[in-house]
Amino acid sequence: MARPRIAWLPGDGIGGEVLQATRLVLDESGFEANYIPGDIGWEFWKKEGTPLPDRTIELLRHTECAFFGAVTSMPNVDAMRELPEGLRAKGARYSSAVLRIRKMFDLYTCLRPCRAYPGNPGNMREGIDITIFRENTEGMYSGAEWDKIPLELYEVKGMERVPRQAAITIRAITRKASLRIARAAFDRAADTPRQGAASDPARTGICPEKRLVTAVHKANVMRATDGVFLSAAREVAGEHPDIGYEEMLVDTCAMQLVRDPLRFDIIVTTNMFGDILSDLCAQLVGGMGFAPSGNIGDKYAMFEPSHGSALDIAGKGIANPVAAILSARMMLEWLGDKDSAGRIGRAVADVIREGRVRTPDMGGKMGTMAMATAIAAKLKKGT
Ligand code: ATP
């Protein structure tokens with residue numbers, strides 16, 4: 001395979017720390033690439049009035065995929081306060097760099113696996129293995145929002161129910177985006193066997209040998225938007241009679257994830273529900289330090305740990321790099337280097353199971369680079 005070009009975007013807070021740790025592991029795995037650093041994050045918002053400079057977008061256009069750390073994001077009022085007067089006068093407005101990249105490159109699948117690695121003291125239960133397919137380009141994160149509702153909107157029937165002083169966000173759900181995220185989830189289910197344990201089949205009726213896709217929604221309240229999502233999910237489920245399919249309200253799902261996480265296998269859902277539920281799932285398997293993610297489109301992809309910049313622990317060298325390292329593993333799989341990806345996965349599993357290296361989120365005292373060094377050492381020994 002020719003050396004892929006990878007846009008390397010550390011960003012803010014612990015982003016740089018976990019990416020440095022990830023490079024150590026990638027280099028030891030034998031995987032070869034050209035890593036091209038790019039500017040992204042809060043520093044560029046303050047200096048240039050955008051957290052995603054045009055030169056970074058150009059860089060993404062000329063690479064096979066991107067690997068990203070984290071960007072600090074703040075509500076609009078706080079972001080504007082941090083902007084120098086000159087840039088404020090030019091009308092700079094903060095918008096999330098990650099959301100822009102997801103939309104610009106049509107990275108419609110946000111893939112978030114949450115696996116309880118055996119021996120992780122943070123596991124709520126052993127055997128949890130839940131993969132979330134979150135629609136990544138629309139829904140509540142459509143970006144169509146107004147602090148003050150434009151008067152023209154009041155000409156639309158139904159708007160009289162909305163108070164004049166309200167701010168609004170548009171929740172846009174299309175059949176096209178719903179179909180493709182459902183297809184991504186069912187394709188994964190069709191291609192791979194179920195990994196995790198299943199809860200008592202006699203009680204739940206869930207067959208442990210069969211894959212199960214759970215479509216999560218709130219169609220009893222948001223009838224129009226989640227109606228579109230559900231009918232797309234049902235259509236794709238109909239094409240896969242061998243895969244189990246169920247539908248669940250988002251609030252019930254949050255409750256069931258805590259009560260009986262083993263009943264879940266693959267969850268497919270809309271953007272904001274997936275964002276929230278994937279943090280919940282991360283906590284079931286040890287917290288944000290164990291939650292990798294991939295933003296995947298048909299032509300481009302960006303991999304990143306699910307956590308943010310975690311300013312509370314940034315600069316201390318104590319962030320757990322496992323989420324970033326597992327995101328790199330996902331990147332190698334996507335690039336087609338399944339061998340290196342598999343070895344990184346086994347090295348991570350071995351280090352967690354042996355329990356000699358524990359970062360503070362696991363109840364230990366060791367740091368980011370100690371964890372990465374232990375994983376790299378396993379690779380060197382030939383895991
Ligand atoms: P942002 O504003 O950038 O989204 P945040 O701090 O609100 O960042 P997260 O970065 O997701 O959100 O962090 C949530 C909590 O989880 C924080 O208390 C943080 O210390 C902890 N955390 C996040 N990532 C890690 C990690 N890799 N290792 C250890 N703890 C982490």
Side-chain angles (χ1 to χ4, degrees), residues 9-25 40-46 51-52 67-79 81-82 94-102 110 112-115 117 120-124 132 134 136 140-141 271-272 274-293 295 302-330 348 351-352 357-375:
L9 312 171
D12 300 319
I14 64 170
E17 300 168 39
V18 297
L19 258 63
Q20 190 194 348
T22 302
R23 264 306 286 280
L24 188 74
V25 171
I40 195 165
W42 201 250
E43 185 191 335
F44 301 97
W45 164 246
K46 290 202 286 188
L52 181 64
F67 197 78
F68 164 67
V71 166
T72 297
S73 58
M74 291 191 190
N76 233 3
V77 272
D78 302 324
R81 205 175 298 134
E82 294 225 359
Y94 188 84
S95 67
S96 159
V98 181
L99 293 194
R100 274 186 69 203
I101 293 173
R102 287 171 180 164
C110 184
R112 295 193 163 183
C114 293
R115 171 176 302 167
Y117 279 88
N120 184 352
N123 290 342
M124 295 271 179
I132 298 193
R134 158 190 172 196
N136 220 10
M140 217 48 175
Y141 300 171
N271 204 339
M272 191 167 81
D275 194 7
I276 297 168
L277 292 179
S278 56
D279 272 25
L280 194 163
C281 287
Q283 199 56 45
L284 296 175
V285 297
M288 299 309 292
F290 292 92
S293 84
N295 304 277
M302 179 169 74
F303 298 86
E304 54 168 324
S306 298
H307 59 72
S309 56
L311 296 179
D312 54 336
I313 55 168
K316 298 180 180 164
I318 57 169
N320 187 341
V322 166
I325 291 166
L326 291 174
S327 306
R329 176 205 173 172
M330 289 167 71
V348 168
V351 169
I352 295 174
V357 184
R358 295 276 191 246
T359 44
D361 57 323
M362 302 171 84
K365 289 199 164 65
M366 294 170 91
T368 310
M369 292 314 284
M371 176 60 91
T373 305
I375 295 168

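Values below: all heavy atoms of this structure, side chains included; hydrogens, waters and symmetry mates excluded. Ligands are counted one by one from 1 in listed order, and the atoms in each one are counted from 1 as well.
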Undergrad: Say you draw a straight line from CD1 of Ile313 to CG of Asn320; how long is it, rounded to the nearest 0.5 Å?
TA: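 Nearest 0.5 Å value for the CD1-CG distance: 8.5 Å.
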Undergrad: Could you check whether any side-chain N or O of Glu17 sits under 3.5 Å from a backbone N or O of Gly315, counting only pairs where one atom can act as donor and the other as acceptor?
TA: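 Yes, the answer is positive, given that a donor and an acceptor are paired below the 3.5 Å cut-off.
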Undergrad: Answer yes or no: is there a side-chain heavy-atom contact under 4.5 Å between Asn295 and Met302?
TA: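 Yes; the side chains approach each other to less than 4.5 Å.
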Undergrad: Is it the case that the side chain of Ser306 and the backbone of Ala291 share a donor-acceptor pair, with hydrogens and angles ignored and the cut-off at 3.5 Å?
TA: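 Yes, because the side chain of Ser306 sits within donor-acceptor range (under 3.5 Å) of the backbone of Ala291.
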Undergrad: When the ring planes of Tyr94 and Trp45 are compared, do they come out parallel, tilted or perpendicular, using 30° and 60° as the limits?
TA: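 Because their plane-to-plane angle is over 60°, the rings of Tyr94 and Trp45 count as perpendicular.
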Undergrad: Does Arg23 use its side chain to pair, donor to acceptor, with the backbone of Val18 at less than 3.5 Å?
TA: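 No, because the side chain of Arg23 does not come within donor-acceptor range (under 3.5 Å) of the backbone of Val18.
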Undergrad: Please produce the table of protein N or O atoms sitting under 3.5 Å from N or O atoms belonging to ligand 1, one pair a line, distance to 0.1 Å.
TA:
unit_1   : atom_1 : unit_2 : atom_2 : d
ligand 1 : 3 (O)  : Ser309 : N      : 2.8
ligand 1 : 3 (O)  : Ser309 : OG     : 2.8
ligand 1 : 10 (O) : Gly308 : N      : 2.9
ligand 1 : 10 (O) : Gly308 : O      : 3.3
ligand 1 : 10 (O) : Ala310 : N      : 3.1
ligand 1 : 11 (O) : Gly308 : N      : 3.0
ligand 1 : 18 (O) : Asp312 : OD2    : 2.8
ligand 1 : 20 (O) : Asp312 : OD1    : 3.0
ligand 1 : 20 (O) : Asp312 : OD2    : 2.9
ligand 1 : 27 (N) : His307 : NE2    : 3.4
ligand 1 : 27 (N) : Asn320 : O      : 3.0
ligand 1 : 28 (N) : Asn320 : N      : 2.9

